[in-house]
Amino acid sequence: MDYDFKEIEPRQQQKWRHRETYKVAIDPARPKYYVLDMFPYPSGAGLHVGHPLGYIASDIYTRYKRLCGFNVLHPMGFDAFGLPAEQYAIQTGQHPAKTTADNIARYREQLDKLGFSFDWDRCVETSDPAYYKWTQWAFVRMFESYYCQDSNQARPISELEEAFPIYGNEGLNAACTTELSFTAAEWNAMNAHQKQDVLMNYRLAYRASTMVNWCEALGTVLANDEVKDGLSERGGHPVEQRRMQQWLLRVSAYAERLLSGLDTLQWSESLKEIQRGWIGKSTGAQLFFDVVGSDKKLEVFTTRPDTIHGVTFMVLAPEHAWVGELTTPEQRTEVDAYIAATKKRSERERIADTKKVTGVFTGSHATNPFTGESIPIYISDYVLAGYGTGAIMAVPAHDSRDWAFARRFDLPITPVVEGGNVAEASYDAKSGRMINSGIIDGLDVKDAIVRMFDEIERRGLGKLKVNYRLRDAIFSRQRYWGEPIPIYYKDGIATAMPQEKLPLELPPVSDFSPSPTGEPPLARVKDWTYEGHPLETSTMPGFAGSSAYYLRYMDPHNADALVSKEADEYWRDVDLYVGGIEHATGHLIYSRFWDKFLFDLGVVSDQEPFKKLVNQGMIQGRSNFVYRIPETNKFISINKKTDAETRIFAVQNSCLNSDVDLDAIEEILAENGMDLSWFRRNDGFYPFDDLDIIYNPDDPENPIIRPRPIFTKIHVDVNIVKNDILDTEAFKKWRPEFADAEFVLEDEKYVCGWAVEKMSKSMFNVVNPDEMVERYGADTLRMYEMFLGPLEQSKPWDTNGIDGVHKFLRRFWNLFQGDISDEQPTPEELKTLHKTIKKVREDIENFSFNTSVAAFMICLNELGKCDKRQILEPLTILLAPFAPHIAEELWERTGHTATIFDEAMPEHNPAYLVEAEFEYPVSVNGKTRFKKTLPLTLTIPEIEAAVLADENAQRWLEGKTPRKMVVVPGKIVNIVV
RNA sequence: GCCCGGAUGGCGGAAUCGGUAGACGCGUUGGUCUCAAACACCAAUGGCCGCAAGGCUGUGCCGGUUCGAUCCCGGCUCCGGGUACCA
């Protein structure tokens, strides 16, 4: 019987569904394991062959862990709120709920075909009110919390409301938007609005007027991680800085915990580095500079206090609060003009113009606290208002930006560290000997920094301070398709809806676009009120719903809590999280923040949500090209094209300054099956005399000269190409304009060109998993995706190789086609089996799935024909995580009884596995010639004898007797002839 | 600019506490089967020289350590990712 995957796979899947095989429940008798995939946003395009890569890997691991006796939670759901559905709605009027539901159905269908072992009973959709009730709930809890920096945790805001009337905010060490200082009396004198403003300053979910990334085209604000190079990540629209009232999450309060928590995680170093960089901790000194003729002290932050003797001027951000006061009347006009110009420049322009040095003198001076010199104060937009104090001490000799500024405005440059030449460039390196620096002269930079920290504190000039780059997350979006923010405005005071009134459901609307004035769609909803008070009209951003979904899977139907105590204590955290690295600075930061907040609340019992994380690489497309002769419908095979191009170039090169030799070219073309007349353009000219002259880095004297491509490269659908050979008939049918295409073939074939590109519709290189399942079956697709290369690496999809895996499964299937024999296996067969078991298990544990697939293939090659139950049954179980359909089918045929690995696997006999031997590399006359494997137990004379008896030794010694032989156990054996 | 990662046949990739480089698969070539093609199966397959035995060469480039380097060290080149007036 042939391997009929089309019959087997649906039947096995039906069986799993019917028996609810993958339904999991809390089982205290068994150890838990939680394998999670980053849930997908169900886009309209459906899945391509790259999307399931991570799901396949996690499914293999899940099935493996189950076989090892773990109770594995392996859920799947959908990140259903998001911009694309809403953009689509604006264009077509289709309600996002409708398109989202359709897309989810399609995804579900595609996923089901691959034989995943998800517990679909636990499926969550972020747009489901029963789900987003808990997103809103968490937001309200954040609104009702502040961050205490003494106990390092979130605490109820009511504590502040109780403390302020008695103590004011004296002694309060809490994360806040702006530093406040008030007494109990001052607090008591405030009206309700003022009190609420003060509390807002401390809330973890707060509303504030801040600089935000405003995207005009999308009509909404964006978080920092949603902006790349001044453009929106989705759609690539320009983003500008604007001051707006927005809701924010005080993520920055958790910066230190987010940073230190990384050390406890089994994540890739590169991912941790990305997060560390994003959090951006820097330790430095807070320092005060006296302003000349004023009692003001200008605060700066520096990580290089060692260079303080080299400070020759100061720079403020144009937005710095003191700019007005520090500007002298003479400088007023110039400063105002500069500030106005800065405001106009968009974020994008500023990034583009980083090399342009601009700035204005304020007219004021400050005193360098160490040299006592009077130094000018400038403003410039290279100093950012949002980082540190918005003011810097400038050390032009040792900071490239300060250096450029000093050069532009002709300010003195005093070197204080030896090295470099300050006339040409600043010397930024953190090494060298201090000079011109009084007490720290002669010290190395690193020692000088430490010494200066002490000195600054001792003199009371400032103190050690830690700065983070991590910003609070802007949490409101002026969009429709997101969770409504459960806040209403009672007499203008933002108030959270009571928990029992949640969820606040998204009301139906008919118009999804933002109003011209930037008002969100919800602003148009009639009666968008709570008890007569207007409700917030912004909705939550994309990351809201994905921040705690892993918790909801533990207890998805609980109406009374996000997750029950029991479920949380059993499942605790995600043991293995699989997903793309693109979420490094978004979801993976927010989710960790969210989890830590819930931990502070006592809702969850673990500080970190994702213990181990694996980033699957991207599967790129492999595009194919055909080459069209311009203005014709003739296509030329690639090697003929290349040949013609190369030779035509040679002809042209030989007559660079004279007329092109058309006869010679005609000959070349004819040899490659082409006719010169095809190339004659409508204007009567031939394109051959167009030459490109290209700089040659290897030989700058002789540039590369190349004819312009005289053939047009066109992407061709990879589905009508096999092994780079074009199906010419299918090509003619592919698009009407190619119906009468003609081909110049080589070896009677049309060979296409190829390149690795992103998998996308426009490049016609999208391979659909459904089609692969149709042609080869899910098991083959699963194994092939793993076989393609290391999981974490990006690699191109190439349908060609899939045959090899399919062949393997068919050969495996064929082993079971006769009667299964109960005969004893031979030692060789047992060795092969045990080696394979060991290798595959190790590889699965190391996520090295490509080599474990290879191990299966080797196993089959070594086994040849084998019909013995004792070999075949364990193999089916070993294969089950990878190819569950065929494995279960065959497993059933062996009459198995085992349900987990340890029952099914033959008892480990070390003799089959352990190489109780040692490898001795043998060198003859100083050159290593061969390796000799010998038992560990031998004595040195025995080793000598064994080495000399080796046939390799005979060969290398060529009959000569060794003059000397050195044997050191465990080391190389040296033979001198 | 700074930080991190990588570079191995025609292709995807194996192998690194330093020890026969190229597992496995694809592709290619040859063969068997077939009227034929496809499928399947068998064999060969880094490059160069050689009828062969065999030799030389070979893991981006230059140099070093070592009996021995894809692996360790120093200096480059190129590619990928992160980040960027972050003081």
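Note that the coordinates shown come from a computational prediction; the quantities given were computed from them, not determined experimentally. Every chain is numbered from 1, with letters handed out A, B, ... down the list of sequences.
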### Query
Would you say a side-chain N or O of A/Asn861 is under 4.0 Å from OP1 or OP2 of B/A23?
no
### Task
Calculate the interatomic distance between A/Gln620 atom CD and B/C79 atom C1'; express it in whole Å.
12 Å
### Task
Tell me the partner of B/C78, counting only Watson-Crick (N1-N3 plus N6-O4 or O6-N4) or G-U wobble (N1-O2 and O6-N3) with both under 3.5 Å; none if nothing fits.
B/G6
### Query
In whole Å, what separates the P atom of B/G6 from that of B/C41?
38 Å
#### Entry: Separation of B/G13 C1' from A/Ile619 CD1 (nearest whole Å)
14 Å
### Task
Would you check if A/Asp727 and A/Val721 make a side-chain contact, meaning some heavy-atom pair closer than 4.5 Å?
no
### Query
Just one of A/Tyr784, A/Phe812, A/Phe5 clears the ring pair (Phe, Tyr, Trp, His ring centres under 6.0 Å) bar with A/His806, so which one?
A/Phe5
### Task
Specify the residue among A/Ser282 and A/Glu269 whose closest nucleotide of RNA chain B lies further upstream toward the 5′ end.
A/Glu269
### Message
Measure CG/A/Asn615 against P/B/C4 and give the value in whole Å, please.
### Response
19 Å
### Query
So what's B/U59 paired with, Watson-Crick or G-U wobble, going by both distances under 3.5 Å?
none
### Message
Apply the syn/anti split at 90° from 0 to B/G6 and say which one it is.
### Response
anti
#### Entry: Atom pair distance, as rounded to whole Å: OH in A/Tyr387 and P in B/C85
12 Å
### Query
Should A/Arg276 be listed as having a side-chain N or O under 4.0 Å from OP1 or OP2 of B/C3?
no
### Query
Reckon A/Leu788 touches a base, only the sugar-phosphate, or nothing at all at heavy-atom distances under 4.0 Å?
sugar-phosphate
### Summary
Out of B/A14, B/C85, B/G12, minimum distance to the side chain of A/Lys795 belongs to B/G12
### Summary
Assign each of A/Arg401 and A/Ser270 the nucleotide of RNA chain B bearing its closest heavy atom; nearer the 5' end lies the nucleotide of A/Ser270
### Message
As a test of understanding, state which of A/Thr780, A/Leu788, A/Leu781, A/Asp779 forms a side chain to side chain contact (heavy atoms under 4.5 Å, CB included) with A/Val805.
### Response
A/Thr780
## Note on the structure
Scanning all shown strands, the Watson-Crick or wobble mate of B/A87 with both distances under 3.5 Å is none
## Note on the structure
In whole angstroms, the gap separating C1' of B/A14 from CZ of A/Phe787 amounts to 10 Å
### Query
Quick one: do the A/Thr585 and A/Tyr590 side chains pair a donor with an acceptor below 3.5 Å?
no
### Non-hydrogen side-chain atoms of A/Leu875 and A/Cys859 separated by less than 4.5 Å
yes
### Task
Would you indicate, yes or no, if B/G6 has its OP1 or OP2 atom less than 4.0 angstrom from a side-chain nitrogen or oxygen of A/Gln793?
no
### Query
Among the nucleotides B/C24, B/A87, B/C3, which one has an atom lying closest to any side-chain atom of A/Glu273?
B/C3
### Query
When you measure from the side chain of A/Val383, which nucleotide among B/G25, B/A87, B/G82 comes out closest?
B/A87
### Query
Watson-Crick or G-U wobble partner for B/C51, using a 3.5 Å limit on both distances?
none
### Query
Among B/G13, B/A87, B/C24, which nucleotide sits nearest the side chain of A/Asn850?
B/G13
#### Entry: Nucleotide opposite B/C17 in a Watson-Crick or G-U pair, distances under 3.5 Å
none
### Query
Across all strands shown, which nucleotide pairs with B/G68 by Watson-Crick or G-U wobble geometry, both distances under 3.5 Å?
none
### Task
Send over the distance from A/Trp267 CH2 to B/G82 P, rounded to a whole Å.
17 Å
### Task
Tell which nucleotide pairs with B/A23, taking only Watson-Crick or G-U wobble pairs whose two distances are both under 3.5 angstrom.
none
## Note on the structure
From the candidates B/G82, B/C39, B/C85, the one with an atom nearest any side-chain atom of A/Asp381 is B/C85
### Query
With respect to the phosphate group of B/A84, does any side-chain polar atom (N or O) of A/Arg469 fall under 4.0 Å of OP1 or OP2?
yes
### Message
Does a side-chain N or O of A/Lys807 approach OP1 or OP2 of B/C26 to a distance below 4.0 Å, or not?
### Response
yes
### B/A7 and B/G13, which share atom name C1', separated by this distance in whole Å
13 Å
### Query
The side chain of A/Trp278 lies closest to which of these nucleotides: B/U83, B/A87, B/G13?
B/U83
### Message
Give me the distance, rounded to whole Å, that separates B/G80 from B/G25 when you measure between the C1' atoms they each carry.
### Response
25 Å
### Query
In whole Å, what separates the P atom of B/G64 from that of B/C4?
27 Å
### Task
Whole angstrom is fine here: how far is it from NZ in A/Lys272 over to P in B/U83?
19 Å
### Message
Regarding A/Ser426 and A/Asp428, do their side chains bring together a donor and an acceptor under 3.5 Å, going by distance alone?
### Response
yes
### Query
In Watson-Crick or G-U wobble terms, both distances under 3.5 Å, what is the partner of B/C41?
B/G31
## Note on the structure
Taken to the nearest whole Å, CG/A/Leu809 to P/B/A40 is 14 Å
### Task
Determine the contact category for A/Arg622: base if any of its heavy atoms lies under 4.0 Å from a base atom, sugar-phosphate if only primed atoms, P, OP1 or OP2 are that close, otherwise nothing.
nothing
### Message
Quick check for you: among B/C26, B/G12, B/G82, whose closest atom lies nearest to any side-chain atom of A/Asn800?
### Response
B/C26
### Query
Rounding to the closest angstrom, what is the interatomic distance between B/C48 and B/A69 at atom P?
25 Å
### Query
Is the side chain of A/Asp399 donor-acceptor paired with the backbone N or O of A/Val395 at a distance under 3.5 Å, no angle test?
no
### Query
Considering only B/C3, B/A87, B/C24, which nucleotide approaches the side chain of A/Ala854 most closely?
B/C24
### Task
Using the C1' atom as the reference point in each nucleotide, state the distance between B/C26 and B/A53 in Å, no decimals.
33 Å
### Message
Please tell me whether A/Arg622 and A/Asn800 have a donor and an acceptor in their side chains that are separated by less than 3.5 angstrom.
### Response
no
### Query
Which of the following nucleotides, B/G12, B/C24, B/A40, is nearest to the side chain of A/Met857?
B/C24
### Query
Between the side chains of A/Tyr468 and A/Ser252, is a donor N or O closer than 3.5 angstrom to an acceptor N or O?
no
### Message
Distance check, C1' atoms only: B/G60 and B/C78, in whole angstrom units.
### Response
8 Å
